[in-house]
Protein chains: 2
Amino acid sequence: MARETAKRRADLREKLIDIAEAEIRENGMASLRARGLAEQAGCAVGAIYNVFEDLTGLILAVNGRTFHRMGSEVSATVEDVNAPAVERLIAIANGYLHFATANPNLWRALFEVEMSTQADVPDWYIEELGRLFTIISLPLAELYPDADLSDLDLRTRTLFSSVHGIVLLGTEQRISGVPLERIEQQIAFLLRSIAGE
Amino acid sequence: MARETAKRRADLREKLIDIAEAEIRENGMASLRARGLAEQAGCAVGAIYNVFEDLTGLILAVNGRTFHRMGSEVSATVEDVNAPAVERLIAIANGYLHFATANPNLWRALFEVEMSTQADVPDWYIEELGRLFTIISLPLAELYPDADLSDLDLRTRTLFSSVHGIVLLGTEQRISGVPLERIEQQIAFLLRSIAGE
DNA sequence: GGGTATGTTGAACGCCGTTCAAAGGAGTGC
DNA sequence: GCACTCCTTTGAACGGCGTTCAACATACCC
């Protein structure tokens with residue numbers, strides 16, 4: 001493939017991710033349309049399929065950005081490594097909550113995209129998740145000094161899933177969820193309980 | 001409307017719910033097709049829209065059955081009211097987990113169906129949820145004898161959301177979830193922590 | 001039995017994601 | 001600069017979707 005072609009494709013790829021990201025942010029994953037993307041990008045519908053496998057591939061690319069940004073923002077909330085472990089856990093969870101409420105549609109897209117098998121989870125996803133889990137497991141290790149690595153991993157997953165459940169049902173404003181204005185308080189309650197406070 | 005017509009419609013309604021339930025159970029909500037339903041029911045596609053607002057209405061009817069069945073099964077797991085409160089909570093959560101793993105597609109449909117606004121949540125949904133929340137709040141009230149009703153409601157939601165999160169990510173086998181075979185153990189860990197054990 | 005109101009039907013509509021034959025442009029040799 | 005080839009891009013077309021509604025069938029009333 002010629003150099004110029006490669007550049008044109010790379011440009012189109014970025015442009016499409018930009019447009020898709022804006023669309024998902026504003027109207028949610030479900031309102032992505034191949035024709036709409038093509039029109040905004042000033043290309044043919046078929047061109048999308050020259051740079052992405054299908055629309056799911058494009059959504060995954062958007063999710064890559066979202067996940068990375070989320071990791072950075074969550075990390076930033078626990079910079080004070082001298083705070084007690086449980087306070088750092090609460091800060092991480094609040095960072096997660098804050099990201100979800102600030103970017104509801106992009107955040108939901110992270111979980112709504114179909115991952116047909118466990119095999120086709122992209123590498124960047126595993127890496128980003130590992131980063132997030134490491135951030136969580138550091139304070140956890142202080143709370144459970146006797147736990148081995150696999151125990152820590154398990155508890156990290158349990159904690160993450162719990163907080164995720166509260167944030168998910170709460171921010172969706174499901175009638176089964178915690179009211180928005182109480183989520184922070186309830187997450188703190190949950191984490192303090194787990195920490196034995 | 002003539003009696004005969006009413007009966008014919010009621011019959012078709014039940015028949016369609018049966019067919020849709022089987023389809024969702026076996027292949028998930030996303031594989032429901034108006035034409036497929038009509039063919040299996042032996043009616044015209046348009047007939048579906050004589051007895052349901054749209055396919056979402058049909059899915060909601062299936063969800064009504066599912067939710068009711070889930071309530072019964074979860075209730076049945078806490079018949080021994082003499083067990084310690086925390087053990088009853090664990091039993092309820094395990095009932096929830098068991099229902100979700102035994103009926104993955106039907107269970108997921110409960111949460112995947114779009115409820116555009118908070119206003120159009122059906123009455124039966126609110127009622128069933130109330131039943132489930134009552135079951136949870138009874139043991140909780142024993143653990144927190146000083147909490148008032150709104151506090152109990154809040155903690156019920158927090159607990160439910162947490163367990164839901166663990167069950168959701170775990171049963172979907174998300175790489176962020178708790179491994180299937182450890183879910184029960186981790187739910188017990190979480191609930192015992194909250195109970196202060 | 002005839003006339004009207006009501007119920008049912010399925011072809012048609014307007015979408016959708018995706019494809020692929022055809023048109024266009026880039027690279028190469030002279 | 002030109003002609004030829006090969007690769008890229010294009011957008012009309014395809015198959016499938018949920019939903020509608022004019023035409024047809026049926027039930028009901030007098």
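Treat the numbers as computed from the prediction; the structure is a model and nothing was measured. Proteins get letters first, then strands, A, B, ... in listed order; numbering begins at 1 in each.
Rounded to whole Å, the distance from CZ on A:Arg9 to C1' on C:dG25 is 14 Å. If you take CG of B:Asn50 and C1' of D:dT19, they are 12 Å apart, rounded to a whole angstrom. In this structure, A:Ile48 atom CD1 and D:dT10 atom C1' are separated by 12 Å, rounded to whole Å. Rounded to an integer number of Å, the gap from CG of B:Asp11 to P of C:dT8 is 12 Å. Taking atom CE of residue B:Met29 and atom P of nucleotide D:dG18, one finds them 12 Å apart after rounding to whole Å. B:Leu12 has its CG atom 13 Å from the C1' atom of C:dT9, to the nearest Å. For the pair A:Phe52 CZ and C:dT19 C1', the computed distance is 18 Å after rounding to whole Å. Between B:Glu39 atom CD and D:dC17 atom P there is a gap of 11 Å when expressed in whole angstrom units.
One distance of note links CG of A:Asn103 with NE2 of A:His98; it measures 8.5 Å at 0.5 Å rounding. Remark: A:Phe99 CZ to A:Thr66 OG1 distance equals 5.5 Å, nearest 0.5 Å.
For B:Asn105, there are no side-chain hydrogen bond (donor to acceptor under 3.5 Å, both in side chains) partners at least two apart in sequence or on another chain. For A:Thr158, the side-chain contact (heavy atoms from CB on, under 4.5 Å) criterion is met by A:Ser162, B:Ile166, B:Val178, B:Gln186, B:Phe189, not counting sequence neighbours. Residues satisfying the side-chain contact (heavy atoms from CB on, under 4.5 Å) test with B:Asp18, not counting sequence neighbours, are B:Arg65.
Annotation: side chain to side chain donor-acceptor pair (under 3.5 Å) contacts involving residues 32-59 of chain A, sequence neighbours excluded, are absent.
At a threshold of 4.0 Å, the pair B:Arg192-B:Glu87 counts as salt-bridged, since one of the basic side-chain nitrogens sits closer than that to a carboxylate oxygen. Salt bridge A:Arg155/A:Asp151: absent, no basic N to carboxylate O contact under 4.0 Å.
In A:Asp123, the CG atom is not crowded: 12 or fewer heavy atoms of neighbouring residues, nucleotides or ligands sit closer than 6.0 Å.
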What N/O pairs connect the protein and nucleotides 15-18 of chain C at under 3.5 Å? Give each pair on its own line.
from, atom 1, to, atom 2, distance (Å)
C:dC16, OP1, A:Arg33, NE, 3.0
C:dG17, OP1, A:Leu32, O, 3.1
C:dG17, OP2, A:Ala34, N, 3.0
C:dG17, N7, A:Arg35, NH1, 2.8
C:dG17, O6, A:Arg35, NH2, 2.7
C:dT18, OP2, A:Tyr49, OH, 2.7
C:dT18, OP2, A:Leu55, N, 3.2
C:dT18, O5', A:Tyr49, OH, 3.4

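Five base pairs at each end of the helix from C:dG1-D:dC30 to C:dC30-D:dG1 define two local axes, and these are offset by 10° (rounded to 10°).
Here A:Arg8 does not reach the OP1 or OP2 of C:dG25: none of its side-chain N or O atoms lies under 4.0 Å away.
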